[in-house]
Amino acid sequence: MSGEERTIVGPPAGRDQPRFAGFRTFAKLPRRQDVERCDIAVLGAPFDSASSFRPGGRFGPAAVREASMLLRVHNHALGVSPYAVAQVVDAGDAPASPVVPELGFAAIEAAAAELTREGARVVGIGGDHSVTLPLLRAADAARGPLGVVHFDAHTDTDDAAYGSRYTHGTVFRRAVEEELVDPRRAVQIGLRGTRFSDTALEQSAQLGYRQILAQGLDVEAAIATIREVVSGPTYVSIDIDVLDPAFGGLSSTPEIGGLTTRELLALLHGLAAPGIEIVAGDVVEVTPPYDPAGLGALAGANLAFELISLIALQR
Ligand code: MN
Ligand code: MN
């Protein structure tokens with residue numbers, strides 16, 4: 001952040017305006033157009049037409065914004081009040097086509113790239129996991145091949161499905177092919193579930209990703225592995241199905257045996273390390289139509305706040 005003097009606009013004080021009242025921007029933050037410049041921007045990517053199973057992620061950004069009304073402003077675990085030290089805004093939703101994936105991706109990339117050019121770090125809210133590809137393209141254009149911390153039940157490194165190379169299950173293979181991601185600086189965490197074959201996990205290891213399975217996960221050991229593998233400019237992608245369904249992991253393809261929210265929070269707090277610079281991130285696969293209690297949206301809003309806090313901490 002530059003040393004020049006400027007006013008930071010945060011949400012209205014929670015004791016002045018009841019948290020359930022007011023406009024539904026993320027955490028009641030100002031909109032992009034309400035402030036002159038921004039450091040961190042929340043961007044909705046409401047696209048779910050590359051999902052292989054249950055659709056509905058297009059409603060994720062709206063549900064996460066609604067759940068974010070509950071959020072307060074101070075992150076005790078990380079020791080930061082992100083809206084006080086950085087200008088955080090809600091940049092609205094990219095106008096992604098729900099019927100033509102190429103157009104959907106182009107709209108998401110254009111919206112994220114404009115924010116990146118303005119000097120903002122983008123926290124994307126999906127949408128199915130395919131939206132990470134245009135978000136990575138926008139972040140990568142600014143910073144070169146990125147390290148990745150990828151929380152997910154799935155590796156998302158298939159080559160193709162149903163005739164398309166661009167689905168929510170292929171994004172982390174395309175990202176390596178497009179040299180958006182440096183797989184030697186990338187970790188996938190929370191992997192589990194039934195598989196299409198006995199070699200399904202090998203395909204992502206062969207691309208270079210380090211893998212940490214949900215089975216037998218040890219939080220402290222996982223943090224040590226992340227800090228050993230990941231360095232430099234880094235993208236953090238959180239597929240909500242890294243969480244157990246009981247904790248809100250209600251994605252388009254949920255899997256049992258997942259992480260608790262407490263474990264995931266501890267892992268995220270472990271990313272506050274000198275060698276890791278988080279340049280952008282996302283929370284994807286919140287799928288409200290299959291989540292009547294709103295557990296995924298509640299988790300998603302809090303996880304987005306953690307990403308914002310981690311980025312603010314660096315500034
Ligand atoms: Mn995924
Ligand atoms: Mn997944």
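Everything numeric here is computed off the predicted structure, so don't read it as measured data. As a basis for the values below, the full set of heavy atoms in this structure was taken, side chains included, without hydrogen atoms, waters or symmetry mates. Every number for a ligand or one of its atoms is a count from 1 in the order of the listing.
- Glu255 lies apart from the Mn ion (ligand 2) in this respect, since none of its N, O or S atoms is found at a distance under 2.8 Å.
- With hydrogens and angles ignored, the 3.5 Å screen pairs no side-chain donor or acceptor of Arg210 with any backbone N or O of Val230.
- Under 3.5 Å, the side chains of Ser252 and His129 contain no donor-acceptor pair of N or O atoms.
- Contact annotation: His129 places an N, O or S atom under 2.8 Å from the Mn ion (ligand 1).
- When you scan the N, O or S atoms of Asp152 for the one nearest the Mn ion (ligand 2), you land on OD1.
- Distances from the Mn ion (ligand 2) show that Glu285 has no N/O/S atom below 2.8 Å.
- Not one N, O or S atom of His168 sits under 2.8 Å from the Mn ion (ligand 2).
- Judged by distance alone, the side chains of Ser237 and Asp282 do bring a donor and an acceptor atom under 3.5 Å apart.
- The shortest side-chain heavy-atom distance between Glu177 and Arg165 falls under the 4.5 Å cut-off.
- Residue-level check: among N/O/S atoms of Asp239, OD2 sits closest to the Mn ion (ligand 2).
- Rounding to 10 degrees gives 90° for the angle at the Mn ion (ligand 2) between ND1 of His154 and OD2 of Asp241.
- A side-chain N or O of Gln188 and one of His150 form a donor-acceptor pair less than 3.5 Å apart.
- Grouping the Ile, Leu, Val, Met, Phe, Trp and Tyr side chains by contacts below 4.5 angstrom, directly or via other members, places Leu264 with Ile308.
- Other residues, nucleotides and ligands contribute at most 12 non-hydrogen atoms within 6.0 Å of the CZ atom of Arg184.
- Residue Asp128: no N/O/S atom is found under 2.8 Å from the Mn ion (ligand 1).
- Nearest N/O/S atom of Asp156 with respect to the Mn ion (ligand 1) is recorded as OD2.
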